[in-house]
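It should be emphasised that the depicted structure is a prediction, and the values quoted were computed from it without experimental measurement.
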Amino acid sequence: MTAISALRLIVPSVWIGLILGLSFIEAPLKFMAPGITVPLGLGIGRLMFWALAIGGFVLLLVLTASAVLRPRVPVGGWALIGCLWVLMLVQSFAIRPALSARSDIVIAGGDPGPSGLHYVYIATDVAILITLVLWIVITVRSSRTAPMQHR
């Protein structure tokens, strides 16, 4: 296995861990901690999700760059990278700003009313996780079928 092939497995694995740890474990648990109010939890969550987005974009840039190098990525791999870019852009520039506007209202003491935006955000996180798992599967399969390189 080449260093690039290893990178193509390590990067999505780290990203999966970040999403699972922060989005699905930390985010709901922080509201159970003693002394954490809803406005304080929302403020912490906003910072954490922006940090997760920045980390996700860095990992996506590294993954995209690794796909350009040899050994070549199969066509399906490029489709998955495209899906990741679309999901990350939608999440970062459409969903998260709308959620931030809602949290601003709560932090200011208001009630923004019901919304399904959290479920849309969760759905994009799940879609990113599925896409990353598919990327790992394609990467492993293509490395098993790749001809041995001679030195």
Side-chain angles (χ1 to χ4, degrees), residues 3-69 71-143:
I4 295 302
S5 297
L7 189 65
R8 290 178 186 164
L9 294 174
I10 293 168
V11 168
S13 299
V14 168
W15 196 355
I16 288 169
L18 285 172
I19 292 171
L20 290 176
L22 295 175
S23 291
F24 294 104
I25 297 172
E26 183 278 338
L29 286 180
K30 78 173 156 272
F31 290 102
M32 296 178 183
I36 297 293
T37 63
V38 171
L40 182 57
L42 290 174
I44 293 167
R46 182 185 300 178
L47 291 172
M48 187 272 310
F49 280 110
W50 279 110
L52 179 59
I54 292 167
F57 275 115
V58 168
L59 292 170
L60 183 52
L61 284 169
V62 172
L63 194 61
T64 304
S66 77
V68 173
L69 302 171
R72 295 196 184 271
V73 172
V75 174
W78 283 108
L80 293 173
I81 286 178
C83 286
L84 287 168
W85 277 104
V86 168
L87 289 165
M88 286 294 291
L89 291 170
V90 166
Q91 201 176 56
S92 294
F93 298 106
I95 303 167
R96 194 172 301 110
L99 286 172
S100 290
R102 292 180 55 76
S103 66
D104 285 342
I105 294 169
V106 174
I107 291 169
D111 180 6
S115 170
L117 278 175
H118 285 92
Y119 298 113
V120 175
Y121 191 89
I122 292 166
T124 58
D125 263 350
V126 169
I128 290 169
L129 288 172
I130 291 169
T131 306
L132 290 169
V133 169
L134 290 172
W135 169 269
I136 290 170
V137 169
I138 284 176
T139 300
V140 168
R141 284 185 177 169
S142 68
S143 69

CA sep, side-chain torsions, deciding dist, call: W85, T64, side-chain contact (heavy atoms from CB on, under 4.5 Å): CA-CA 9 Å; W85 277 104; T64 304; 3.0 Å; yes
Check against side-chain contact (heavy atoms from CB on, under 4.5 Å), I107 and R46: CA-CA 11 Å; I107 291 169; R46 182 185 300 178; 3.9 Å; yes
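At least one side-chain heavy atom of I36 sits less than 4.5 Å from a side-chain heavy atom of I44. For the pair Y119/T124, no side-chain contact is recorded, criterion being any heavy-atom separation below 4.5 Å from C-beta on. The shortest distance between side-chain heavy atoms of Q91 and I128 falls below 4.5 Å.
To the nearest 0.5 angstrom, L80 atom CG is 11.0 Å from I136 atom CD1. Between F57 atom CZ and L84 atom CG the span is 10.5 Å, to the nearest 0.5 Å. Here the CG-CG distance, from L47 to L52, works out to 12.5 Å after rounding to the nearest 0.5 Å. Distance CG/L99 to CG/L42: 10.0 Å, rounded to 0.5 Å. Atom CG of L134 is separated from atom CG of L129 by 11.0 Å, given to the nearest 0.5 angstrom.
Qualifying side chain to side chain contact (heavy atoms under 4.5 Å, CB included) partners for P112, counting only residues two or more places apart in sequence or in other chains: R102, I105, V106.
In terms of heavy-atom proximity, V68 sits nearest to W78 at CG2-CH2, 3.9 Å. In this structure, I138 and P74 approach most closely via the heavy-atom pair CG2-CG, 3.5 Å. What you find for L63 and W135 is that their closest heavy atoms are CD1-NE1, 3.4 Å. Closest approach of A27 and M48 over heavy atoms only: CB-CE, 4.4 Å. Between S5 and T139, the closest heavy-atom pair is O-CG2, 4.3 Å.
Side-chain atoms of W50 and S92 include no donor-acceptor pair closer than 3.5 Å.
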For residues 8-25, dump all side-chain donor-acceptor pairs below 3.5 Å to protein atoms at least two apart in sequence or in another chain.
unit_1: R8; atom_1: NE; unit_2: S66; atom_2: O; d: 3.1
unit_1: R8; atom_1: NH1; unit_2: P71; atom_2: O; d: 2.7
unit_1: R8; atom_1: NH2; unit_2: S66; atom_2: O; d: 2.6
unit_1: R8; atom_1: NH2; unit_2: L69; atom_2: O; d: 2.6
unit_1: R8; atom_1: NH2; unit_2: P71; atom_2: O; d: 2.7
unit_1: S13; atom_1: OG; unit_2: L9; atom_2: O; d: 2.7
unit_1: S23; atom_1: OG; unit_2: D125; atom_2: OD2; d: 2.8

